[in-house]
*Asks:* 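Below you'll find the structure I mean.
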Protein chains: 4
Amino acid sequence: MIIQLDMQSELPIYSQLVNQIIEGIASGQLQLGEALPSVRNLAADIGVNLHTVNKAYTLLKQDGYIQVHRQKGVVVNPDGMPELTDDFLRKQQSELRPIIAEAICRSMNKEQLLAVLAEIYDDVKEAHSEE
Amino acid sequence: MIIQLDMQSELPIYSQLVNQIIEGIASGQLQLGEALPSVRNLAADIGVNLHTVNKAYTLLKQDGYIQVHRQKGVVVNPDGMPELTDDFLRKQQSELRPIIAEAICRSMNKEQLLAVLAEIYDDVKEAHSEE
Amino acid sequence: MIIQLDMQSELPIYSQLVNQIIEGIASGQLQLGEALPSVRNLAADIGVNLHTVNKAYTLLKQDGYIQVHRQKGVVVNPDGMPELTDDFLRKQQSELRPIIAEAICRSMNKEQLLAVLAEIYDDVKEAHSEE
Amino acid sequence: MIIQLDMQSELPIYSQLVNQIIEGIASGQLQLGEALPSVRNLAADIGVNLHTVNKAYTLLKQDGYIQVHRQKGVVVNPDGMPELTDDFLRKQQSELRPIIAEAICRSMNKEQLLAVLAEIYDDVKEAHSEE
DNA sequence: GTGGTCTAGACCACT
DNA sequence: GTGGTCTAGACCACG
C-alpha cells in the first residue's frame, strides 16, 4: 500500500498515518490478519521518525484496528474491526457537525452534501479494485 | 447565542469558537449583518483570554464569515457568506474521507452514514426554531 | 467630488480621506484655491465622525495641501502645492520599495511594473476630463 | 540576511519583518527552499517578542512565500513564489495610486516617477551581488 | 528544539 | 469603548 504524507499539513504525521492505514483497511487493500511493516521498516520507507510510526501504531492498537505482537510484528486485527460504539458515534457526530455547518453557510443543500458523502464512500470502498 | 466550550478538548479553544459561530450562522441564530460581541466582552463572557477570541474572529474574517469594522465592532458579513469554492470542496473532502473510512471499518453502510449526516444537517438547520 | 470610503479597509478612514483629496487635486477635479466643504458638512455628507474629517484636514494642512481659515473655511492651497523635498522622496521610496519587492517575487519584470505605474499615472491625471 | 527594524515607525514590526523577508527573496539573498531562523532565534536576534515574529511568519505562510514544516522549522517556499493574481494586482494598484497622486501634486512628471521606480527595482534586484 | 496555544497585562490608534 | 499591536512567560504536541 502506498502511503501519501503531506509534510506541510496541519494534521500531525502520525494522524495522517493512522488515517491512511484505516482507509487501507476500509478499502480492502489491507485484509484482516494481514501483516503491516515493522515500525523500523515503515519509518525508513516513508522517511519519518521511529516515534512517529510508533505513535500511529499505538493509537491503532488502542482502538482495536491492529494487533502488535512482541516478536511477530504488526498485523491488521484478525478478529475483526472495533465495534460501532456509542462513543464512536458521538465522536463522529462532533466531527461532522462543523463540516456540515460550514457547508450550510456556503449554500450547500442536503442533497449536494449527501452526494459528496456518497461519492467519497464509494471512492474509499472501491479503491481496492484499482490496486 | 450560547457558546459551549470544552476546555479539555484537543480542539483549540479558538477553533471551537470558530465552529460555534459558523454553526450559529448556519442555524439562523446569527443573521447576516448581526453584531457579534466585542472581543473583550466575549472573552469575559466565556472566560478566556481576549487574544483567543481575537484569533477566532481573525480566522472568521479571513474566510469572509464576518466583517470587522474599525473601532465599531464585529458583524456577521452582511454581504452574504463565502462562496462554495473548489478549495473549500477539496478541504471538505479531505476532512470527510477519514471519517468515512473509519465508519466503513466499523461496518456502517452507506445508508446509515447518509442518515447520520442528514440528521445532523436537519439538527443544525432547525436549531433556530428552538431559540 | 465624490468621496469613496471603504469602512472595511485596514486603512484608517482619515487616511482614505487624505488620499482621496490629494487625488482630487492631482486629477484637477479640485483646483488651487477651490473651497472644500466644512468639517461639519463633509462629515455629515460621508457619514463619519467630525474628528475623523478634522484629522484628515489637519494632516493635509500640515503637509501644505490645504489652508484652513478660521471663519472662511477650507480651501485648496492657492499658493501652490508642497515642494518635492528630499524628505518626501525618501518617504516615497520607503513606500514603493516593499511594493516593488513583492512584485519581483511574483515575477513581474521591470517593463510590466513601469506599465502599471504609467497607467495609473494617466488614470489619475485624466480623471478630471470625465468629471 | 540582515534585518533592519525601525521601532519608531508607524509600520508594525511584524509588517516590517514581512517586507524585509520578501525583499530578501526578491533580491536573491534568500533562495527558494532556504531555511529561515526559528521563531525564537529570530526574535532573540532582533530583540522582539516571539509572537511578533510568529505573526510575520504566519502572514508570509498565508501568502505562500514560506512553508512552515511541522517541528522542523521555516523555509522559503521551495515550490516557487505565489502567483501574479488579479487580487494581487488590485491590491498593488490601490497601494500605488495614492503614492502617484501625491507625486503628481508635487509636480513629478511621469518620466521622473518611472525613473524612481526603475531605480528601486534595480536596487532591490541587485542587492544580492553585494551580499 | 520546533511551532502552536493560551494567559495576563499593557499601550495605542481610531471613532 | 473598539480592535490592533506588543511584551513576558508558560505549557504542550510533535518529531
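Predicted, not measured: the structure shown is a model, and the values here were computed from it. Convention: sequence-line order gives letters A, B, ...; per-chain numbering from 1. Hydrogens, waters and symmetry mates are skipped; everything else that's a heavy atom, side chains included, is used.
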*Asks:* From C-beta outward on D:Ser38, which listed nucleotide comes closest to its side chain: E:dG9, E:dG3, E:dT15?
*Replies:* E:dG3
*Asks:* For B:Leu11 and E:dC6, give me the distance from atom CG to atom P, rounded to whole Å.
*Replies:* 9 Å
*Asks:* With respect to the side chain of A:Ile13, which nucleotide from F:dT5, F:dG15, E:dT5 is positioned closest?
*Replies:* F:dG15
*Asks:* Does the side chain of D:Lys55 get closer than 4.0 angstrom to OP1 or OP2 of F:dT5 through an N or O atom?
*Replies:* yes
*Asks:* Could you tell me whether the side chains of C:Ser27 and C:Gln29 share a donor-acceptor contact shorter than 3.5 Å?
*Replies:* yes
*Asks:* Please check the phosphate of F:dT5 (OP1 and OP2 only) for any side-chain N or O of D:Tyr14 closer than 4.0 Å.
*Replies:* yes
*Asks:* Between the base of E:dG9 and the side chain of B:His51, is there a donor-acceptor distance below 3.5 Å?
*Replies:* yes
*Asks:* Using only side-chain N and O atoms of B:Asn54, determine if any of them is under 4.0 Å from OP1 or OP2 of F:dG4.
*Replies:* yes
*Asks:* Could you check B:Lys72 against D:Val68 and say which one's nearest nucleotide on DNA chain E is further toward the 5' end?
*Replies:* D:Val68
*Asks:* Please, what dot-bracket string fits DNA chain F when only Watson-Crick and G-U pairs with both distances under 3.5 Å count, crossing ones use [ ] and pairs to another strand use |?
*Replies:* ||||||||||||||.
*Asks:* To the nearest Å, give me how far apart CG (A:Asn49) and P (E:dT2) are.
*Replies:* 16 Å
*Asks:* For the pair made of CG in C:Asp6 and C1' in E:dT15, what is the distance, rounded to whole Å?
*Replies:* 16 Å
*Asks:* Does OP1 or OP2 of F:dT7 have a side-chain N or O of D:Thr52 closer than 4.0 Å?
*Replies:* yes
*Asks:* On the side chain of D:Arg40, is there an atom forming a donor-acceptor pair with the base of E:dG1 - under 3.5 Å, no angle test?
*Replies:* no
*Asks:* Can you tell me how far C1' of F:dG4 sits from CD of C:Gln8, to the nearest Å?
*Replies:* 16 Å
